[in-house]
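Note: hydrogens, waters and symmetry copies are ignored here, and every other heavy atom, side chains too, is used. Treat the numbers as computed from the prediction; the structure is a model and nothing was measured. Proteins get letters first, then strands, A, B, ... in listed order; numbering begins at 1 in each.
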Amino acid sequence: METYESIYAVVRRIPYGRVSSYGRVALLAGRPGAARLVGYALHALRPGAGDEVPWWRVVNHSGVITNGYEPALQQARLVAEGVAVDDVGRVDLRRYLWDGEEGPAAYFTGSACPSSSG
DNA sequence: TTCATGACTGGCT
DNA sequence: AAGCCAGCCATGA
């Protein structure tokens, strides 16, 4: 399905150690409002896809892991990349949210100050 | 084609 | 801050 490919293409653009929201991916994929479709596309990935698509770097708009397949796996994947995950599976989008930038510079575009709290 | 479901999101109370 | 409702698009029966 072309629609899915456009979604996977965006998910693959998510840099290492960064996360994005379903709505964000849907927007970048050219399907604004179809956040549900993103989750559906990732659901269609299945373990057979392997690491071809970094699905674990996708969380909801609140930074919470709403993964219904392997929520523990996604959390582990993120932590393995250096992404801080809360006990409830929540990620600090203010630090890791991928705004769609190509380079890692986006990490410094935020007003957050990691050395202040974390 | 129609009805129901889902790894979602924004606005109101 | 937390909970509820409607809209979005594609899949499956």
| said: A side-chain contact here means heavy atoms from C-beta on lying under 4.5 Å apart; do Tyr96(A) and Arg57(A) qualify? | reply: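 Counting from C-beta outward, Tyr96(A) and Arg57(A) never come under 4.5 Å.
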| query | Would you say Val11(A) and Val58(A) make side-chain contact, with heavy atoms under 4.5 Å? | reply | yes
| task | For residues 19-29 of chain A, pull every pair meeting salt bridge (Lys or Arg N to Asp or Glu O under 4.0 Å), keeping only residues two or more places apart or in separate chains. | result |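 As it turns out, the salt bridge (Lys or Arg N to Asp or Glu O under 4.0 Å) pairs with a partner in residues 19-29 of chain A, which skip direct neighbours, are Arg24(A)-Asp99(A).
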| message | The criterion is side-chain contact (heavy atoms from CB on, under 4.5 Å); which residues satisfy it with Arg36(A), sequence neighbours excluded? | response |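 Per chain and number, Arg36(A) pairs via side-chain contact (heavy atoms from CB on, under 4.5 Å) with no residue.
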| Partners meeting side-chain contact (heavy atoms from CB on, under 4.5 Å) with Ala29(A) (sequence neighbours left out) |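 Testing Ala29(A) for side-chain contact (heavy atoms from CB on, under 4.5 Å), a comparison that skips the adjacent residues, returns Ser6(A), Ile7(A), Val10(A).
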| note | The contact string for nucleotides 6-13 of chain B, one letter per nucleotide 5' to 3', using protein heavy atoms under 4.0 Å with B, S and - for base, sugar-phosphate only and none, comes out as BBBSS---
| remark: Between the OG1 atom in Thr3(A) and the OH atom in Tyr8(A), the distance rounded to the nearest 0.5 Å is 10.5 Å
| field | Set of salt bridge (Lys or Arg N to Asp or Glu O under 4.0 Å) partners for Arg12(A), sequence neighbours left out | value | Glu52(A)
| note | Read 5' to 3' with Watson-Crick or G-U pairs under 3.5 Å, [ ] for crossing pairs and | for partners on another strand, DNA chain C gives .||||||.|||||
